[in-house]
Amino acid sequence: MNMDMHHDHHNHGTMAPPTGTDSHEDGAVHCAGGMMMQMTFYFGYTNVELLFAGLVINTPGEMAGACIGCFLLAVLYEGLKIGREFLLRRNQVNVRYNSMPVPGADGTMLMETHKTVGQRMLSLSHLLQTVLHIIQVMVSYFLMLVFMTYNAYLCIAVAVGAGVGYFLFSWKKAVVVDITEHCH
């Protein structure tokens with residue numbers, strides 16, 4: 001069977017180069033619309049497109065406002081995480097305790113008790129949890145997209161906002177340490 005394939009009809013010699021993006025040594029990719037997308041971290045405040053096509057930062061004041069907004073968005077994200085955990089613990093129902101015998105080290109039988117907690121699917125608290133989860137996911141994607149601008153001012157604002165949010169909201173969080181867990 002002869003698998004000789006000819007591609008003379010494709011006429012590769014007259015194809016124009018792609019015009020969608022053009023990469024340069026300055027760490028940026030220039031897109032067809034004239035906007036520039038940075039691919040490395042940079043400190044700058046002109047021509048920074050933030051989340052939406054019409055939201056372009058061009059002055060130091062606009063950058064300061066955007067940093068404050070991103071900072072507050074990151075604080076909100078941390079607050080949503082902790083708030084959802086608090087609501088979940090507060091609205092737990094169907095608490096069951098299951099005891100089971102386990103052999104002890106000296107051959108005796110010990111009783112080990114496990115607490116099982118559930119929540120109703122069709123309840124106002126579960127609906128609220130669902131709405132808060134949707135908001136939390138949206139905020140997390142916005143923060144990811146802000147970070148993907150590679151603008152160092154905005155990235156620092158997101159990181160510091162997350163840290164401040166954790167500091168403000170997580171101090172009351174009960175931490176359960178499982179001593180049998182070996183993969184941290």
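Heavy atoms only: backbone and side chains are in, while hydrogens, waters and symmetry mates are out.
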**Q** Pairs of donor and acceptor atoms involving the side chains of residues 62-74, under 3.5 Å and at least two apart or interchain, shall be tabulated with distances.
**A**
unit_1	atom_1	unit_2	atom_2	d
Glu62	OE1	Asn58	N	2.6
Glu62	OE1	Thr59	N	3.3

**Q** Taking the side chain from Asn47 and the backbone from Val56, do they hold a donor-acceptor pair closer than 3.5 Å?
**A** no

**Q** Calculate, to the nearest 0.5 Å, the distance between atoms CZ and CG belonging to Phe169 and Leu76 respectively.
**A** 8.0 Å

**Q** Under the side-chain hydrogen bond (donor to acceptor under 3.5 Å, both in side chains) rule, what pairs show up with a residue in residues 134-145, not counting sequence neighbours?
**A**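 Checked against side-chain hydrogen bond (donor to acceptor under 3.5 Å, both in side chains) - neighbours excluded - the pairs reaching residues 134-145 are Arg84-Gln136.
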
**Q** Could you give the distance from CG (Leu88) to CG (Leu128), rounded to the nearest 0.5 Å?
**A** 11.0 Å

**Q** Considering residues at least two apart in sequence or located in another chain, which fulfil the side chain to side chain contact (heavy atoms under 4.5 Å, CB included) criterion with Pro103?
**A** Met109

**Q** Can Leu124 be reached from Val131 by stepping across I, L, V, M, F, W or Y side chains whose heavy atoms are under 4.5 Å apart?
**A**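 In one cluster with Val131: Leu124, no.
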
**Q** What distance separates His133 NE2 from Met138 CE, expressed to the nearest 0.5 Å?
**A** 11.5 Å

**Q** Which pairs count as ring pair (Phe, Tyr, Trp, His ring centres under 6.0 Å) when at least one residue sits in residues 38-59, sequence neighbours excluded?
**A** Phe41-Tyr150, Phe43-Tyr153

**Q** Suppose we screen for side chain to side chain contact (heavy atoms under 4.5 Å, CB included). Which residues come up paired with Phe167, at least two apart in sequence or across chains?
**A**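 Partners of Phe167 under the side chain to side chain contact (heavy atoms under 4.5 Å, CB included) test: none.
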
**Q** When you group the ILVMFWY residues by side-chain heavy-atom contacts below 4.5 Å and let the links chain together, are Leu168 and Leu132 in the same group?
**A** yes

**Q** With rounding to the nearest 0.5 Å, note down the distance linking OG1 in Thr149 to CZ in Phe147.
**A** 8.5 Å

**Q** Do Val139 and Leu143 touch side chain to side chain, with heavy atoms closer than 4.5 Å?
**A** yes

**Q** Which value, rounded to the nearest 0.5 Å, describes the distance between Leu154 atom CG and Leu145 atom CG?
**A**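 Output value for this atom pair is 12.0 Å.
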
**Q** Is it possible for you to say whether Val158 and Leu55 belong to one hydrophobic cluster, with membership spreading through side-chain heavy-atom contacts below 4.5 Å?
**A** yes

**Q** Provide the full list of side-chain hydrogen bond (donor to acceptor under 3.5 Å, both in side chains) pairs with a residue in residues 67-78, sequence neighbours left out, each pair given once.
**A**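 Matches after skipping sequence neighbours: Glu78-Lys81.
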
